[in-house]
Amino acid sequence: MPKSFFIDTSRCTACRGCQIACKEWNELPANKTKQTGTHQNPPDLNANNYKLVRFNEYLENGTVKWYFFPDQCRHCLQPPCKETIDGYVQGAAIQDETKGAVVFNAKTQKAPFEEVLNSCPYDIPRQAPDGSIVKCTMCNERVTRGLLPACVKACPTGTMNFGERQEMLDLAGKRLAELQKTYPKAILADPEDVSVIFLMLDEPNKYHKFAQSQGVGDLSRKQFLAQIFAPITRPVQRMGQLKS
Ligand code: SF4
Ligand code: SF4
């Protein structure tokens with residue numbers, strides 16, 4: 001059964017428990033970093049941080065408003081990163097058929113990092129020192145054993161939720177309806193396209209430039225992606241034809 005996250009940012013306190021739990025579970029080393037005047041640290045996702053609590057603040061009518069956004073891979077239902085990688089090397093990006101997790105392995109060293117990054121609507125993949133491309137794994141090895149993802153297990157506020165996709169969609173819809181009574185701009189980000197569904201109380205770009213997939217005019221995102229990736233997959237098909 002496909003799984004999904006529901007991330008309710010209205011409950012997030014920016015404690016960063018999820019961020020630390022992710023580092024610990026994945027045995028990722030510390031980053032050399034420095035204070036830049038914001039609670040957000042490190043400044044961006046990197047090969048040692050698959051999860052990052054983004055932090056923005058705005059002054060509105062004399063009141064400071066905080067926007068917290070626990071960023072991570074969305075495990076897209078039709079992942080454009082995988083389509084890009086498949087155009088160069090087969091088996092480097094795998095989509096788990098039952099759970100929907102999109103997982104990269106060391107073979108991604110053979111895929112062009114910038115192209116893979118540019119294909120992601122959410123600016124997620126990062127390059128490790130050995131040249132491989134890395135990101136959140138949905139804690140696939142934990143979930144396979146019936147455990148929650150480490151970030152969900154660690155969250156003390158109910159922000160991070162994980163379970164059967166329909167169960168998460170129902171929870172997200174219910175929570176959205178409740179919150180829209182007080183916050184009319186509240187939305188769910190791209191719930192039909194991703195396995196990691198964020199609820200935000202205000203305009204998505206106040207949380208993060210890539211909180212929601214970029215608009216592509218009259219085309220649906222899937223149509224748009226199908227168009228831009230067609231030229232990438234063709235060379236591989238041609239190679240296959242030449243070999244046979
Ligand atoms: S969010 Fe980006 S990296 Fe994650 S599955 Fe979607 S396209 Fe791939
Ligand atoms: S699912 Fe696992 S790998 Fe992904 S952000 Fe959460 S703890 Fe990190």
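Source: prediction; values computed, not measured. Read the numbers this way: they start at 1 and go in the same order the structure lists the ligands and their atoms.
- Salt bridge annotation for Lys185-Glu203: present, with a cationic side-chain nitrogen under 4.0 angstrom from a carboxylate oxygen.
- Of all the atoms in ligand 2, the ones that sit under 4.0 Å from a non-hydrogen atom of Asn26 are 3 (S), 8 (Fe).
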Requested in this report: Evaluate the salt bridge (Lys or Arg N to Asp or Glu O under 4.0 Å) criterion for residues Lys3 and Asp96: first the C-alpha distance (whole Å), next the side-chain angles of each, then the deciding distance (0.1 Å), finally the verdict.
Outcome: CA-CA 10 Å; Lys3 305 282 186 186; Asp96 184 291; over 6 Å; no

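- Of the protein's heavy atoms, Arg74 N, 3.3 Å lies nearest to atom 1 (S) of ligand 1.
- For ligand 1, the atoms closer than 4.0 angstrom to any heavy atom of Tyr122 are 1 (S).
- Contacts between Lys82 and ligand 1 below 4.0 angstrom, taking non-hydrogen atoms only, are absent altogether.
- Of all non-hydrogen atoms in Pro70 and Thr9, the two that sit nearest each other are CD-CG2, 4.2 Å.
- Within the 2.8 Å limit, Cys76 places at least one N, O or S atom next to atom 6 (Fe) of ligand 1.
- Remark: ligand 2 atoms within the under-4.0 Å shell around heavy atoms of Phe5 are 1 (S).
- Considering every non-hydrogen atom in both Gly37 and Gln35, the closest pair reads N-OE1, 2.8 Å.
- A salt bridge between Asp193 and Arg74 is absent, with no side-chain N of the basic residue lying under 4.0 Å from a carboxylate O of the acidic one.
- Closest approach of Cys18 and Lys51 over heavy atoms only: SG-CE, 3.6 Å.
- Note on ring orientation: taking the six-membered ring where Trp is involved, the planes of Phe5 and Phe162 are perpendicular (angle over 60°, cut-offs 30° and 60°).
- Salt bridge annotation for Glu60-Lys206: present, with a cationic side-chain nitrogen under 4.0 angstrom from a carboxylate oxygen.
- Ring centroids of Tyr67 and Tyr207 are separated by less than 6.0 Å, placing the two rings close together.
- Counting the atoms of ligand 1 from 1 in the order shown, those under 4.0 Å from a heavy atom of Pro121 are 7 (S).
- Looking only at protein heavy atoms, the nearest one to atom 3 (S) of ligand 1 is Lys135 CD, 3.5 Å.
- Take a cut-off of 2.8 Å around atom 6 (Fe) of ligand 2: the protein N, O or S atoms inside it are Cys151 SG.
- A cation-pi geometry, defined here as NZ or CZ lying under 6.0 Å from the six-membered ring centre and within 45° of its normal, holds between Lys135 and Phe104.
- Annotation: atom 8 (Fe) of ligand 1 to nearest protein heavy atom, Cys81 SG, 2.3 Å.
- Inclusion of Cys73 in the first shell of atom 4 (Fe) of ligand 1 is supported: an N, O or S atom falls under 2.8 Å.
- Residue contact check: Pro80 has heavy atoms under 4.0 Å from atoms 7 (S) of ligand 1.
- Of the inter-residue distances, the one linking Met138 atom CE with Gln72 atom CD reads 8.5 Å to the nearest 0.5 angstrom.
- Hydrophobic clustering of Ile, Leu, Val, Met, Phe, Trp and Tyr side chains at less than 4.5 Å, counting indirect connections, keeps Leu199 apart from Phe68.
- For atom 2 (Fe) of ligand 1, the closest heavy atom belonging to the protein is Cys120 SG, 2.3 Å.
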